[in-house]
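In what follows, every chain begins at residue 1, and chains take the letters A, B, ... in the order their sequences are listed.
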Protein chains: 2
Amino acid sequence: MRRRAIACKLRRRTEIWVLCLNKTFVSADDVAKRAGVSRSAVSRTFTPGASVSEETRQRVMQAAEALGYHVNQLARGLMRSESGIVCLVVSEMDTPYRARLVRALTHELQLAGKISMLINTDRSDGSVDTALRQTLHYRADASILLSGLPDKAITKLCLDSGQRIVLINRDDEIEGPFRINLDDGVAARVAVSAFLRAGCRRLAFANSAVGTPSLMAREQGFVAAARDFGLDVTVVRHGNTVYESGRTIGRTLFSGLEPPDAVFCVNDLMAFGLMDAARHEFGRRIPDDLCVVGFDDIEQSGWSSYALTTFTQPVDEIVRNSIAWLVNGDASSRSAFLHAPLIWRKTIRGTRRNG
Amino acid sequence: MRRRAIACKLRRRTEIWVLCLNKTFVSADDVAKRAGVSRSAVSRTFTPGASVSEETRQRVMQAAEALGYHVNQLARGLMRSESGIVCLVVSEMDTPYRARLVRALTHELQLAGKISMLINTDRSDGSVDTALRQTLHYRADASILLSGLPDKAITKLCLDSGQRIVLINRDDEIEGPFRINLDDGVAARVAVSAFLRAGCRRLAFANSAVGTPSLMAREQGFVAAARDFGLDVTVVRHGNTVYESGRTIGRTLFSGLEPPDAVFCVNDLMAFGLMDAARHEFGRRIPDDLCVVGFDDIEQSGWSSYALTTFTQPVDEIVRNSIAWLVNGDASSRSAFLHAPLIWRKTIRGTRRNG
DNA sequence: CGCCATTTTGCAAGCGTGTGCAAAACTTTC
DNA sequence: GAAAGTTTTGCACACGCTTGCAAAATGGCG
């Protein structure tokens, strides 16, 4: 065990380096010395699959325990080709769906022996770029991008530095990343037929103005499916994909001349906003006067004030697919296309059918 | 620029090491060579405050740009006493309040030039311990614990390895960490007087069975304040601090003989559950028949289905305090005691007064 | 016991960086 | 133009670890 000198600059003209003997760290050398073996033996003891005799391993482990030794991953990452770090790039990560995904990813990564670094891409003021570069500096093995925000240049930057990349619900046309997407089109079709079976005829689609591919896919799928049945759809796009936007859209729709009797909201949060506007400001009863479907199946959808019928994000599957590709390195498959089943609650009239 | 050899073991009896020339990394040496200077010069160029002539700096920067050089933080962390890594220890991080806190912390840490590692402490099956050790391996400069779960032993482990520690709403009696707490007692007192002013007399407190100090402080404060006014409080503790528990408690309270006309819920989520039970299962009107106050002021509290009057967590202040202590190293102050003001919405009768 | 095959071990050379030290280059002053 | 002062530079060691290689130890077998 060796005391490490920490240097502290004084502010006077002459710069004096002071030794503050306050931090103690244990290195493999210390353990080796105590166990009476070479440093290599210590290293091998902590390297799965390396060749060490049982006796040596025991002695090393004992010494390590006694001294409180931890392998220094920074140093290990320097030698090995992998650092064990996986970087999660997220914007608006306090959104229920995103938060759930981050939690699940982090948990599963931990089980796989990886550690997750969190990058927040909220502001586009350059701090994002800084932070991402920061990650590159840590030689992350991989990045998982759940955010709509960071642009292709960044994806490319990560790729170039040798990272594996997983894109969740994005579609950057870059060769290399593993893509996970949902069958948004199918879901939209299911929504339309559910509305029709409930006897709805004046359909509307509430979208944000963000224009993310997956959001647009839902919109286009819904419009197309409705057209197949000879119905038009009122499409409204507004603001961000949040509660407040849904509320605004609700006000627009229900103060119009031909208010809809069924709305597919691109997102649960927007559905809540729209429902609240419809109920509390326009006296609509749900599902009697109005049917609503959302997307994501966040926790709040189960709350009895909403009881929202919605498509559920297969979070577990998304996570499993991501980690499997990252860890097991099955570089053959380049994308996964997952199904989002409809969860029936109380915002569509009539009985459920398999959909 | 040097090609790095990546070793891949084949599965045949004889282990053959194959060279896959696929990853390119740029080191300071490469940059030095190209710029025609020593490696030290490169290092100093990327070290703020180091002594380099303007001319050299220019040449280095140019070469670095051309080659796409990034300082390797792993190596830097090895030399310097600090790694730039801050570890966030969180359980149930998809809970609205926690998610918001994590987002804010991450964002602010980024601005301070730090990077955050996320540790999930949900299961107590040992994976937590593994993950935390993992972090120690990365020589994190600091840890911020927002979780109720990890026990004192872990806190101590982090401290011993030289980390700075911030405890948010916890109270491990260990010397060293920086503690941030709210004036839960004051809030409880404010709640009581708000209820009294609204004419409520049958008070109840809805708590979880978790028993976290801050939650207990709210309960005790509420009971004490009520007693000062000569009132008893029905206290119910159940389950986790979540929606479902609030609902269960609601059912218990309103199917009892003396149902309350005012409930202080230890947490917004529980308040929602309780409100939903009261309204949809017992036909209570809020705030006419029942007044409710929550704690946290999460996003959902502003939704018009709830419009919950609640105490707001001063997230920004919490974050500012944490980061300031971590970064500027003001080791003098050992704790912060923050105020949680009441946000008036529509779950308490009558007009607002300053409280 | 001696020979060969196998496992275990220590040595030493890296990995990419920071930084004290002394030499070199430059600047100022007389 | 030389001496003294200041800034810049390169060398070389350190950080804590992994791992190829060859030497040492171990085991098997006749």
Side-chain angles (χ1 to χ4, degrees), chain A residues 1-7 9 13-17 19 23 25-33 35-60 64 69-84 137-139, chain B residues 1-2 4-7 9 13-17 19 23 25-33 35-60 64 69-84 136-139:
Chain A
M1 186 143 11
R2 210 166 30 64
R3 305 222 158 241
R4 153 141 3 158
I6 305 222
K9 261 188 199 164
R13 282 190 65 231
T14 30
E15 288 173 9
I16 305 176
W17 296 88
L19 245 50
K23 240 184 189 176
F25 266 120
V26 185
S27 77
D29 257 328
D30 306 324
V31 178
K33 213 157 288 170
V37 297
S38 78
R39 199 162 39 81
S40 320
V42 178
S43 175
R44 284 192 250 262
T45 300
F46 289 98
T47 304
S51 163
V52 212
S53 72
E54 193 48 39
E55 195 207 331
T56 316
R57 146 171 269 110
Q58 290 299 333
R59 299 232 319 257
V60 169
Y69 169 73
H70 300 268
V71 178
N72 185 332
Q73 290 284 5
L74 298 171
R76 174 176 273 183
L78 211 53
M79 281 301 298
R80 287 224 230 273
S81 49
E82 51 182 35
S83 61
H137 298 186
Y138 283 99
R139 300 289 188 262
Chain B
M1 183 145 11
R2 208 166 32 63
R4 147 133 18 147
I6 305 224
K9 261 187 199 165
R13 281 189 65 233
T14 30
E15 288 173 11
I16 305 176
W17 294 88
L19 243 52
K23 240 185 188 174
F25 265 121
V26 186
S27 78
D29 257 327
D30 306 324
V31 177
K33 212 157 290 171
V37 297
S38 79
R39 203 176 44 75
S40 316
V42 178
S43 175
R44 284 192 249 263
T45 300
F46 289 97
T47 304
S51 163
V52 213
S53 71
E54 193 48 37
E55 195 206 331
T56 315
R57 146 171 268 111
Q58 290 299 333
R59 299 235 314 258
V60 169
Y69 169 72
H70 300 266
V71 178
N72 186 333
Q73 290 284 4
L74 298 172
R76 175 176 273 183
L78 209 53
M79 281 300 301
R80 288 223 230 272
S81 49
E82 52 184 33
S83 62
L136 289 180
H137 298 186
Y138 284 99
R139 300 291 189 263

Nucleotide N/O of nucleotides 24-27 of chain C paired with protein N/O under 3.5 Å:
none

Pairwise N/O distances under 3.5 Å, protein to nucleotides 21-23 of chain C:
none

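Closest to the side chain of B:R39, from the set D:dG10, D:dC17, D:dA12, is D:dA12. Closest to the side chain of A:V71, out of D:dT18, D:dG10, D:dT9, is D:dT18. Residue A:A75 places its side chain closer to D:dG16 than to any other of D:dT19, C:dT17, D:dG16. Of the candidate nucleotides C:dG18, D:dT18, D:dT7, D:dT18 has the atom nearest to the side chain of A:T47. Candidate nucleotides D:dC17, C:dG16, C:dT8 were compared by shortest atom distance to the side chain of A:T56, and C:dT8 ranks first.
Residue A:S27 places no side-chain N or O under 4.0 Å from the OP1 or OP2 atom of D:dG16. Between A:S51 and C:dT8 there is a side-chain N or O to OP1 or OP2 distance below 4.0 Å. Between B:S43 and C:dG18 there is a side-chain N or O to OP1 or OP2 distance below 4.0 Å.
Rounded to whole Å, atom C1' of D:dT9 lies 15 Å from atom CZ of B:R57. Per the geometry, CD belonging to A:Q58 stands 18 Å off C1' belonging to C:dT9, to the nearest Å. Taking atom CZ on A:R80 and atom C1' on D:dT19, their separation rounds to 10 Å, with Å as the unit. In this structure, B:R139 atom CZ and D:dG16 atom P are separated by 8 Å, rounded to whole Å. Between the NZ atom of A:K33 and the C1' atom of C:dG10 there is a distance of 15 Å, given to the nearest Å. Here D:dA14 presents its C1' atom at 16 Å from CZ of B:R76, a figure rounded to the nearest Å. Taking atom CE of residue B:M79 and atom C1' of nucleotide C:dG18, one finds them 4 Å apart after rounding to whole Å. One atom, CG of A:N72, and another, P of D:dA14, lie 18 Å apart when rounded to the nearest Å.
The base of D:dC11 is paired with the side chain of B:S40 by a donor and an acceptor separated by under 3.5 Å.
From one end of the helix from C:dC1-D:dG30 to C:dC30-D:dG1 to the other, with five pairs defining each end axis, the axis direction shifts by 30° (rounded to 10°).
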Residues 47-55 of chain A, side-chain donor-acceptor partners within the protein, below 3.5 Å, at least two apart:
from	atom 1	to	atom 2	distance (Å)
A:T47	OG1	A:S43	O	2.8
A:S53	OG	A:T56	N	3.3
A:S53	OG	A:T56	OG1	2.6
A:E54	OE2	A:Q58	NE2	2.9
A:E55	OE2	A:R59	NH1	3.4

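Contact annotation for A:S53: backbone-only contact, meaning every heavy-atom pair under 4.0 Å involves sugar-phosphate atoms and none involves a base. Using a 4.0 Å heavy-atom distance criterion, A:Y69 is classed as a sugar-phosphate-only contact. Across all strands shown, B:V42 has no heavy atoms under 4.0 Å from either base or sugar-phosphate atoms.
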Could you walk me through whether A:V42 and A:Y69 pass the side chain to side chain contact (heavy atoms under 4.5 Å, CB included) test, one step at a time? CA-CA 10 Å; A:V42 178; A:Y69 169 73; 4.3 Å; yes

For a side chain to side chain contact (heavy atoms under 4.5 Å, CB included) check, start with the C-alpha distance between A:V71 and A:R76, then their side-chain angles and the critical distance, and finish with the verdict. CA-CA 8 Å; A:V71 178; A:R76 174 176 273 183; 3.8 Å; yes

List the steps and the verdict of side chain to side chain contact (heavy atoms under 4.5 Å, CB included) for B:L74 and A:S83. CA-CA 9 Å; B:L74 298 172; A:S83 61; 4.2 Å; yes

I would like to know whether B:H70 and B:V26 meet side chain to side chain contact (heavy atoms under 4.5 Å, CB included); could you show each step before the answer? CA-CA 7 Å; B:H70 300 266; B:V26 186; over 6 Å; no

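In this structure B:T45 satisfies the side-chain hydrogen bond (donor to acceptor under 3.5 Å, both in side chains) test with no other residue, sequence neighbours excluded. Residues satisfying the salt bridge (charged side-chain N to carboxylate O under 4.0 Å, His left out) test with A:R39, not counting sequence neighbours, are A:D29.
Where B:A41 and A:Q73 each meet DNA chain D at their nearest nucleotide, the meeting point lying more 5' is that of B:A41.
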